[in-house]
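First up is the structure itself, then whatever we jot down about it.
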Amino acid sequence: VRVRTAAVAWVSVAAGAFATVQNVRLEKRRRYPGRLVTIFGAAILLFNLTVAMGLVVDFKQLDWGRGSNYQYHYERDDERGDEQWYDVCTAQGVVVEFALVCCLCYACWLCLSFFNVIDQRLRLQRRAFFNNASEDGRRALRREAALHSLIALLALGVGLVAAHNGDIVANSGIIACWVGGGTYHQLYYYYIAMTLVLGVGLVHSAVATRRLWRVLRGAGPD
């Protein structure tokens, strides 16, 4: 199972890396809001990479044969032979959590950007987004830089908190180290935020789609 999962993940890594390189090369994918798609894809690439590297971790808890210890978890004070796997597992779990939180935030940002673009066009407003020659463009660039920094710090902070609390373990669900070790840990670290963030994004996206559809339907056959 580990080998097959890693093989599929490596295929995803290759496809994601190719798409990311192509997005970086295209000017329209480097401009706002197109670059949000590029960053979102990079976060997915990072997650796939950590899963693909799952084979480097000694997953003792996945040994279900005779004499297996399925409840085994890596601990900070393990014997020297297992301590290295705790460190590798913890590092991998931090990267997985970082990538997942980034994916959430940028998915929501994409939905909000779609809403804003539709809303501005329907209001016949043209804003000088990212036009360096204007003060509005400079303010927009500063706001975007601040938001990128906030997302990165939030994602890294959540991962580091999980590592500090010892909540990262070898996880049989994704064959990679991630948050676990408790009944509701994944709920607290990811699924509640996923519900809230993606819920907000999907609502804005649905409203924007409805507005655009009403305009197109009322425009007539021509």
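Other members of a hydrophobic cluster containing Val8 are absent, since no ILVMFWY side chain comes under 4.5 Å of it, directly or through relayed contacts.
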Problem set entry | Residue pair Asn48, Trp10: steps toward the side chain to side chain contact (heavy atoms under 4.5 Å, CB included) verdict | CA-CA 7 Å; Asn48 285 335; Trp10 276 115; over 6 Å; no
Exercise. Can you check side chain to side chain contact (heavy atoms under 4.5 Å, CB included) on Phe40 and Arg35, steps first, answer last?
Worked result: CA-CA 8 Å; Phe40 180 65; Arg35 62 169 159 265; over 6 Å; no
Exercise. Could you walk me through whether Val161 and Tyr189 pass the side chain to side chain contact (heavy atoms under 4.5 Å, CB included) check?
Worked result: CA-CA 10 Å; Val161 167; Tyr189 280 102; 4.1 Å; yes
Problem set entry | side chain to side chain contact (heavy atoms under 4.5 Å, CB included) between Tyr191 and Gln186, intermediate numbers included | CA-CA 7 Å; Tyr191 289 110; Gln186 293 180 359; 3.8 Å; yes
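Ring centers of Tyr106 and His148: under 6.0 Å apart, within the cut-off.
Between the Thr20 side chain and the Gly16 main chain, a donor and an acceptor come within less than 3.5 Å of each other. Without hydrogens or angle criteria, Thr38 side chain to Arg29 main chain gives a donor-acceptor distance under 3.5 Å.
Using a 4.5 Å heavy-atom threshold, the side chains of Thr50 and Phe98 count as separate. No side-chain heavy atom of Phe47 sits less than 4.5 Å from a side-chain heavy atom of Val95. Under the 4.5 Å side-chain criterion, counting only non-hydrogen atoms from C-beta, Cys177 is not in contact with Val96. Using a 4.5 Å cut-off on side-chain heavy atoms (C-beta onward), Phe115 and Val203 make no contact.
Heavy atoms only, all atoms of each residue included: Ala193 and Leu104 are closest at C-CD1, 4.1 Å. The shortest non-hydrogen separation linking Gly201 to Cys111 is O-CB, 3.0 Å. The shortest non-hydrogen separation linking Cys89 to Ile168 is O-CG2, 3.7 Å.
There is a path of hydrophobic side-chain contacts, each under 4.5 Å, that joins Trp178 to Tyr188. Under the 4.5 Å side-chain heavy-atom criterion for ILVMFWY residues, a single connected hydrophobic cluster contains both Leu110 and Leu147. By the rule that hydrophobic residues join a cluster once side-chain heavy atoms approach within less than 4.5 Å of another member, Val200 and Ile151 end up as members of separate clusters. Linking Ile, Leu, Val, Met, Phe, Trp and Tyr whenever their side-chain heavy atoms come within less than 4.5 Å leaves Leu202 and Val37 in two separate clusters. The hydrophobic clustering, which links ILVMFWY residues whose side-chain heavy atoms are closer than 4.5 Å, places Tyr190 and Ile192 together.
Rounded to the nearest 0.5 Å, atoms CG (Leu160) and OG1 (Thr90) are 11.0 Å apart.
The local environment of CE in Met194 is crowded, with over 12 non-hydrogen atoms from other residues, nucleotides or ligands closer than 6.0 Å.
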